[in-house]
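Notes follow once the structure below has been shown.
Order of listing sets the numbers, starting from 1, for every ligand and every atom in it.
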Amino acid sequence: MSVPRPKPRPGVLDIAPYVPGKSSAPGVAKVFKLSSNETPLGPSPKAIAAYLAAGEHLEDYPDGSASELREAIGRAFGLDPDRIVCGAGSDDLLHLLAQAYLSDGDEAIHTVHGFLIYPIATLGTGARPIAVPETDYTANVDAILAAVTTKTKLVFLANPNNPTGTALSFDEVKRLHRGLPPHVLLVLDAAYADYVRRNDYEAGIELVATSENVVMCRTFSKIHGLAALRLGWMFAPAHIVDAVNRIRGPFNINGPAIAAGIAAIEDIEHQERSREHNTRWLAWLTEEIGKLGLKVTPSVANFVLIHFPEAKGRTAKDADAFLTARGLILRYVAAYKLPNALRLSVGTEEANRLVVAALKDFLAKTPA
Ligand SMILES: Cc1ncc(COP(=O)(O)O)c(C=O)c1O
């Protein structure tokens with residue numbers, strides 16, 4: 001007879017653990033990690049200096065409400081700091097929102113190739129994740145609205161989406177919001193908003209400011225290059241800020257992260273340099289990889305999704321192995337229901353050129 005033992009709540013053991021991008025290639029001296037959408041330019045030197053200075057005071061608890069960071073974000077975006085909550089990465093905030101608004105038996109909608117944390121955060125609360133189809137690797141507002149039931153409590157939308165790189169226009173996001181019942185929370189995850197150069201796009205600030213059921217999440221992990229520090233923020237109506245503040249860890253972000261975050265958000269020049277680098281190389285990669293005969297989903301973020309044929313020796317898995325052997329680490333995205341694709345983060349000029357050259361060699365070789 002088995003000994004009774006503690007059991008996690010229903011749903012927890014249904015979670016497929018999140019597998020981060022690989023960071024090593026055995027036997028290869030120089031590795032280019034292009035698997036986690038990190039910035040090739042690194043953080044602002046001012047952020048590094050602020051981080052190091054904060055390292056002199058590790059004995060002190062951080063300011064649990066991150067007031068100075070929220071004020072700096074407020075200044076940068078013209079927002080009321082009282083409507084901002086900071087988290088240990090935006091992942092932390094996505095989990096907190098799920099915890100605060102989902103219970104056993106509820107449903108939370110995400111799109112089929114949406115960010116993997118959404119079903120994980122949903123299952124962790126005992127609620128059911130509902131994956132809805134996309135059109136051309138892009139969220140489909142009608143499909144999302146058609147999936148809403150009396151049990152729906154939350155809709156997660158990554159805009160732009162990871163790993164597809166596609167985005168909905170502001171008009172489409174507004175149409176989605178209009179179609180949702182007012183008690184359903186719409187979470188606009190705008191982790192890649194800083195890279196978007198499209199006039200019809202809006203990250204979510206306006207919708208949050210004018211409604212009671214929309215939250216926008218942002219991160220310091222991408223354009224600000226502070227992924228290691230785990231820092232994100234959300235802008236939300238006051239009642240949602242209040243709910244999330246009640247359940248978040250009182251010191252959920254650390255002192256050096258607060259200091260670096262303030263310096264990063266104030267270094268506009270560094271952000272602009274990162275954006276320009278991305279705009280240039282995103283277009284170059286899309287065009288050059290397309291010229292090789294591979295389909296690339298048009299992206300507005302800092303990565304591209306490359307589609308491979310299913311023919312033996314030519315698959316995404318084969319390409320992954322070939323590129324890894326050259327120290328080029330991309331992301332195999334089968335877990336996102338994209339078994340025939342690899343996601344490539346925009347890298348340094350050297351890395352980008354090496355990837356295109358390697359893909360050319362991969363396609364030229366006779367399949368084994
Ligand atoms: C769409 C999306 N949202 C959120 C995150 C989480 O970012 P972080 O927890 O580093 O802030 C990521 C990271 O890759 C992402 O792609």
Side chains of residues 7-16: which donor-acceptor pairs under 3.5 Å do they make with residues two or more places apart or in other chains?
{"from": "Arg9", "atom 1": "NH2", "to": "Asp104", "atom 2": "OD1", "distance (Å)": "2.8"}
{"from": "Arg9", "atom 1": "NH2", "to": "Thr125", "atom 2": "O", "distance (Å)": "2.8"}

In terms of ring plane angle, is the pair His277 and Trp281 parallel, tilted or perpendicular, where the classes change at 30° and 60°? tilted

With a 4.0 angstrom cut-off on heavy atoms, strictly below it, pick out the residues next to ligand 1 and order them by chain and number. Gly89, Ser90, Asp91, Phe115, Asn162, Asp189, Ala191, Tyr192, Thr219, Ser221, Lys222, Arg230

If the plane angle is over 60° it's perpendicular, under 30° parallel, otherwise tilted; pick one for His224 and Phe220. tilted

Which other residues belong to the hydrophobic cluster containing Tyr61, where Ile, Leu, Val, Met, Phe, Trp and Tyr are joined when side-chain heavy atoms lie under 4.5 Å apart, directly or via other members? Phe251

Distance-only side-chain donor-acceptor flag, Asp92 / Asn252, under 3.5 Å: yes

According to ring pair (Phe, Tyr, Trp, His ring centres under 6.0 Å), who are the partners of Phe303, at least two apart in sequence or on a separate chain? Tyr192

